[in-house]
Number of protein chains: 2
Amino acid sequence: MSTPQTGAGDPRRSLELLWREDGAQEGRPGPKPRFTLEQVVATAIALADRSGVAALNMRAVADELGTGPMTLYRYVPGKAELLDLMVDRATEPSPEDLATVGSDWREHLVLLAEGTWDDFAAHPWLLELNQRRPVMGPGSLTGFDWALRAFEGLDIPARDQNLIITGVMSIVTGAARDHLIADSSDTPPPTTESEWWAAQEPYLVRAAEGGDYPRLAAVTTEEDAWSFHGREAMRFTLDAFLDGIGARWALDG
Amino acid sequence: MSTPQTGAGDPRRSLELLWREDGAQEGRPGPKPRFTLEQVVATAIALADRSGVAALNMRAVADELGTGPMTLYRYVPGKAELLDLMVDRATEPSPEDLATVGSDWREHLVLLAEGTWDDFAAHPWLLELNQRRPVMGPGSLTGFDWALRAFEGLDIPARDQNLIITGVMSIVTGAARDHLIADSSDTPPPTTESEWWAAQEPYLVRAAEGGDYPRLAAVTTEEDAWSFHGREAMRFTLDAFLDGIGARWALDG
DNA sequence: GCTAACCGAGTACGTTGTACCCAGTTATAG
DNA sequence: CTATAACTGGGTACAACGTACTCGGTTAGC
């Protein structure tokens, strides 16, 4: 019913797993592992996609694999590190994503934003746990490397390239958090966006009618004041940001 | 050692508590409550400030108050709702904040951003749980109402005012998440930002040296590519965003 | 075939949220 | 003043979860 999760374990252990060479364990005594790390992570992702992050526990993942809870600890040091692996895998760009390139810097960054939005839509649990500094695995780096293609042939300092990409990600994540979260099958309502705001409305109306919050009252009288949703809100912020970026280096054209 | 928490409980219950008229319970039989809701929330906030969100559990809060765990449930329906209350209280602007106004729209929005950043710095646990659509309590609305002063006297649609403020908040939250999180007293290292990146560096270097990630390799060779921190990164994104906003309505002057 | 390293999986414990309960307290009605 | 009813503090207890420990079985290399 309620609530688990922060977002990350010991990053040193997570990094070790993320960057492990899988070929390194041939020709050793002992039985072959029944599962692979990939399998465990993929199962956990599928479960989280289906039932939300609250339902993701070690017993459930083990059940899904047809084994006992402790078996998972042969593959992963703990739940927190499993979550780190899940994040990296779930955000790894697909080959088709990698093949798609924007025709200019701006279009490329929009593709980055839209693709990230799609990731959040496909894996809403990402939004419930991507808190903490990011753990950079192969998936994240692949995505980052792809994002950097936006600036190929342009004379923009590396530092600023990083800042711009980070900015795009902040904007997408912030908008996704407000509009996209949850709606997992076993969270009780209000769980959709409209239910959520419907629950708040009476309080907001009462607050606006009282004397406090005068500016809020003025704003909420306009009919369409809150009538933006999802991608639209994200694109608004993103476009303004990119306008500013374009002006800064006179990149427009 | 590890990890609890998602960010919110049943919003209907949270809203009821947030907007409750405190005077309503005079002249009723039964003993007077030993604590107030404010006291419980303030204690929980103090504990989270001191020890981080992982250490925040009902027993610890109760201990702090000198009572048993179950007593808290006289004031709050559950832990998740307590967290909602903590968020609203911790982000409520102080009277001094409210008295400060930017001299134009842009300066005002910068004040909003910097103030929000300061909130995150004072209460890092906010970043570990502000996931989910926001629950609007008196504190949030006071802050929002104050933020809207940026647009007084300007002819900007209410809808766009909302979008702009939401955008600013996304930018600040995203930057804060990358640069400000954790460092709570009982999380094990790597917990500071530099420790964090130091742990990742060997893997990043190896990845850059391998043939994959060619653009990443090019970027990381520049010395100062990653030498931005905290507020600086936030201001970069924010300034570009505000440049774009200013151009859109020809607000610059 | 011996051996050593390794795997699967059961048992069990500590932590945490919280349901349930009862005894004590106090405003109100008679 | 007394009885009553609504409320309170806080103890006991349980369920869910992460995971430490352990043991019996399996397999590659000598």
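The basis for the numbers below is simple: all heavy atoms, side chains too, and nothing from hydrogens, waters or symmetry mates. Throughout, a chain's letter reflects where its sequence line sits, starting with A, and its residues are numbered from 1.
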Q: Determine whether a donor-acceptor pair (N or O, by modelled atom type, separation under 3.5 Å) exists between the side chain of B:Asp88 and the backbone of B:Gly137.
A: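 Yes, the answer is positive, given that a donor and an acceptor are paired below the 3.5 Å cut-off.
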Q: Could you pull out the closest heavy-atom pair between A:Ser14 and A:Leu85, with the gap in Å?
A: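 Nearest heavy atoms, A:Ser14 then A:Leu85: O-CD2, 4.1 Å.
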Q: Of the non-hydrogen atoms in B:Leu47 and B:Glu64, which two are nearest, and what is the gap between them?
A: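 Closest approach of B:Leu47 to B:Glu64, heavy atoms only: CD1-OE1, 4.0 Å.
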Q: For DNA chain D, determine which residues of residues 64-75 of chain B have any heavy atom closer than 4.0 angstrom to one of its atoms, and list them numerically.
A: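 Going residue by residue through residues 64-75 of chain B, the ones with a heavy atom under 4.0 Å of DNA chain D turn out to be B:Thr67, B:Met70, B:Thr71, B:Arg74, B:Tyr75.
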Q: Checking A:Asp97 now: which residues fulfil salt bridge (Lys or Arg N to Asp or Glu O under 4.0 Å) with it, not counting sequence neighbours?
A: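 Salt bridge (Lys or Arg N to Asp or Glu O under 4.0 Å) list for A:Asp97, sorted by chain: empty.
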Q: Would you please name every residue forming a ring pair (Phe, Tyr, Trp, His ring centres under 6.0 Å) with B:Trp117, sequence neighbours left out?
A: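 Here no residue qualifies.
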Q: Rounded to the nearest angstrom, tell me the gap between atom NZ in B:Lys32 and atom P in D:dA6.
A: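 So the two atoms are 15 Å apart, to the nearest Å.
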Q: For B:Glu232, does the CD atom have more than 12 heavy-atom neighbours from other residues, nucleotides or ligands under 6.0 Å away?
A: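 Counting other residues, nucleotides and ligands, CD of B:Glu232 exceeds 12 neighbours.
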Q: Mind jotting down which residue pairs meet the salt bridge (charged side-chain N to carboxylate O under 4.0 Å, His left out) criterion with at least one end in residues 138-148 of chain B? Sequence neighbours excluded, please.
A: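 Sorted pair list: A:Arg215-B:Asp145.
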Q: Extract from the structure each pairing of a protein N or O with an N or O of nucleotides 13-16 of chain C at less than 3.5 Å, listing the distance.
A:
unit_1, atom_1, unit_2, atom_2, d
C:dT16, OP1, B:Asn57, ND2, 3.4

Q: Closest to the B:Pro33 side chain: C:dA9, D:dG10, D:dT8?
A: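 Among the listed nucleotides, the one closest to the side chain of B:Pro33 is D:dT8.
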Q: State which residues pass salt bridge (Lys or Arg N to Asp or Glu O under 4.0 Å) with A:Glu201; sequence neighbours excluded, sorted by chain then number.
A: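 A:Glu201 satisfies salt bridge (Lys or Arg N to Asp or Glu O under 4.0 Å) with no other residue.
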